[in-house]
Q: 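Structure incoming, see below.
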Amino acid sequence: MRRLFLMLIALGVALSVDAQTLRNSSNSTIGSISSSGDVRNSSNSLVGKISSNGDVRDASNRLIGKIDGSTIRNASNSTIGYVESDGTVRNSSNSTIGKISDDGTVRNASNATIGYARGVPKKQAALVFFFNLFNM
């Protein structure tokens with residue numbers, strides 16, 4: 001019995017390490033993104049998935065967007081923004097709307113902290129914080 005208990009604890013630790021937490025400016029959890037691309041809200045309900053080919057799908061598996069290199073597209077394949085390698089996030093008009101720092105801090109265009117996405121790839125974090133492809 002003790003062995004089973006230890007295995008369950010190890011599994012729980014592995015599962016919690018697998019997902020990176022998204023937090024708002026008050027440091028409250030708003031969701032998570034797993035290494036497999038599953039996007040979950042604060043209640044741990046699946047709200048979408050980001051596949052390895054860049055497709056962004058909602059919980060019903062409908063295509064709602066795409067990450068295409070540094071370009072973020074909506075379901076109609078229209079460009080809605082860009083995420084540069086330094087974390088700068090721009091809208092379709094090429095105006096800076098925010099930045100995701102290497103430490104995961106998410107700031108808006110006024111440099112105010114709007115959230116945290118430590119360990120989350122910058123393009124995935126931009127989908128949640130700036131492009132609202134997932135309503136978390």
Side-chain angles (χ1 to χ4, degrees):
M1 185 62 133
R2 185 168 191 266
R3 187 174 180 180
L4 176 61
F5 179 72
L6 291 174
M7 286 174 47
L8 289 174
I9 288 174
L11 179 61
V13 169
L15 290 175
S16 65
V17 168
D18 184 46
Q20 298 299 324
T21 303
L22 301 167
R23 298 182 182 278
N24 64 16
S25 61
S26 301
N27 210 28
S28 297
T29 299
I30 60 170
S32 65
I33 299 179
S34 73
S35 59
S36 65
D38 288 348
V39 181
R40 298 186 176 275
N41 64 17
S42 60
S43 301
N44 204 33
S45 297
L46 184 69
V47 295
K49 180 156 181 93
I50 304 167
S51 68
S52 58
N53 72 355
D55 285 351
V56 181
R57 298 187 176 274
D58 66 12
S60 300
N61 205 34
R62 288 185 310 246
L63 184 68
I64 59 172
K66 183 160 184 73
I67 301 172
D68 185 15
S70 64
T71 305
I72 307 294
R73 300 181 186 281
N74 64 15
S76 302
N77 207 34
S78 298
T79 299
I80 58 174
Y82 308 91
V83 182
E84 298 175 5
S85 59
D86 72 349
T88 300
V89 182
R90 299 183 185 280
N91 63 17
S92 60
S93 302
N94 211 29
S95 298
T96 299
I97 56 174
K99 186 168 184 170
I100 304 168
S101 301
D102 288 340
D103 69 358
T105 303
V106 183
R107 292 184 171 86
N108 64 15
S110 301
N111 207 33
T113 300
I114 60 171
Y116 304 93
R118 289 183 181 93
V120 176
K122 293 175 182 179
K123 294 172 189 173
Q124 294 180 3
L127 291 174
V128 174
F129 284 98
F130 296 105
F131 300 118
N132 300 314
L133 290 181
F134 299 108
N135 293 325
M136 311 241 353

Q: Hey, are the side chains of Ile100 and Phe130 touching, using non-hydrogen atoms and a 4.5 Å cut-off?
A: yes

Q: Can you confirm whether Thr113 sits close enough to Val106 that some side-chain heavy atom of one is under 4.5 Å from a side-chain heavy atom of the other?
A: no

Q: Give the intermediate values and the outcome of side-chain hydrogen bond (donor to acceptor under 3.5 Å, both in side chains) for residues Ser76 and Ser78.
A: CA-CA 5 Å; Ser76 302; Ser78 298; 5.3 Å; no

Q: Per the salt bridge (Lys or Arg N to Asp or Glu O under 4.0 Å) rule, which among Arg62, Lys49, Lys66 passes with Asp55?
A: Lys66

Q: Could you walk me through whether Arg40 and Ser45 satisfy the side-chain hydrogen bond (donor to acceptor under 3.5 Å, both in side chains) test, starting with their C-alpha distance in whole Å, then the side-chain angles of each, then the deciding distance to 0.1 Å, before giving a yes or no?
A: CA-CA 5 Å; Arg40 298 186 176 275; Ser45 297; over 6 Å; no

Q: Once you round to the nearest 0.5 Å, how far does OG of Ser70 lie from CD of Glu84?
A: 7.5 Å

Q: Whether the Arg23 and Thr29 side chains hold a donor-acceptor pair (N or O, under 3.5 Å, no angle test) is what I'd like checked.
A: yes

Q: Within the side chain of Asp68, is there an N or O that forms a donor-acceptor pair under 3.5 Å with the backbone of Thr71?
A: no

Q: Within the 4.5 Å heavy-atom criterion, are Leu46 and Asp38 side-chain neighbours or not?
A: yes

Q: CD1 of Ile30 to CZ of Phe134: how many Å apart, nearest 0.5 Å?
A: 12.5 Å

Q: With side-chain contact (heavy atoms from CB on, under 4.5 Å) as the test, would you mind laying out the steps for Val120 and Val128 before giving the verdict?
A: CA-CA 11 Å; Val120 176; Val128 174; over 6 Å; no

Q: CD1 of Ile33 to CG of Leu127: how many Å apart, nearest 0.5 Å?
A: 7.0 Å

Q: Rounded to the nearest 0.5 Å, how far does OG1 of Thr21 lie from OH of Tyr116?
A: 14.0 Å

Q: Quick one, Val56 with Ile67, criterion side-chain contact (heavy atoms from CB on, under 4.5 Å). Give me CA distance, side-chain angles, the key distance, then yes/no.
A: CA-CA 7 Å; Val56 181; Ile67 301 172; 4.3 Å; yes

Q: Which heavy-atom pair separates Arg118 from Gln20 by the least distance, and what is that distance?
A: O-OE1, 3.1 Å

Q: How about Ile72 and Thr79: do any of their side-chain heavy atoms sit closer than 4.5 Å?
A: no

Q: Looking only at the side chains, is there a donor atom on one of Ser36 and Ser34 sitting less than 3.5 Å from an acceptor on the other?
A: yes

Q: What closest approach, in Å, do Phe129 and Gly115 show between heavy atoms, and which atom pair accounts for it?
A: CE2-CA, 3.8 Å

Q: When you check the gap from the basic side-chain N to the acidic O, do Asp102 and Lys122 get nearer than 4.0 Å?
A: yes

Q: For the residue pair Ile64 and Asn74, establish whether any side-chain heavy-atom pair is separated by less than 4.5 Å.
A: no

Q: So Ile114 and Asn24, do their side chains get closer than 4.5 Å, heavy atoms only?
A: no

Q: With rounding to the nearest 0.5 Å, note down the distance linking CD1 in Ile97 to CG in Asn94.
A: 10.5 Å

Q: Taking atom types as modelled and ignoring hydrogens, do the side chains of Arg57 and Ser51 form a donor-acceptor contact shorter than 3.5 angstrom?
A: no

Q: Of all heavy-atom pairs between Val83 and Lys123, which one has the smallest distance, and what is that distance?
A: CB-CG, 3.9 Å

Q: Hey, could you give me the OG/OH distance between Ser95 and Tyr82, rounded to the nearest 0.5 Å?
A: 11.0 Å

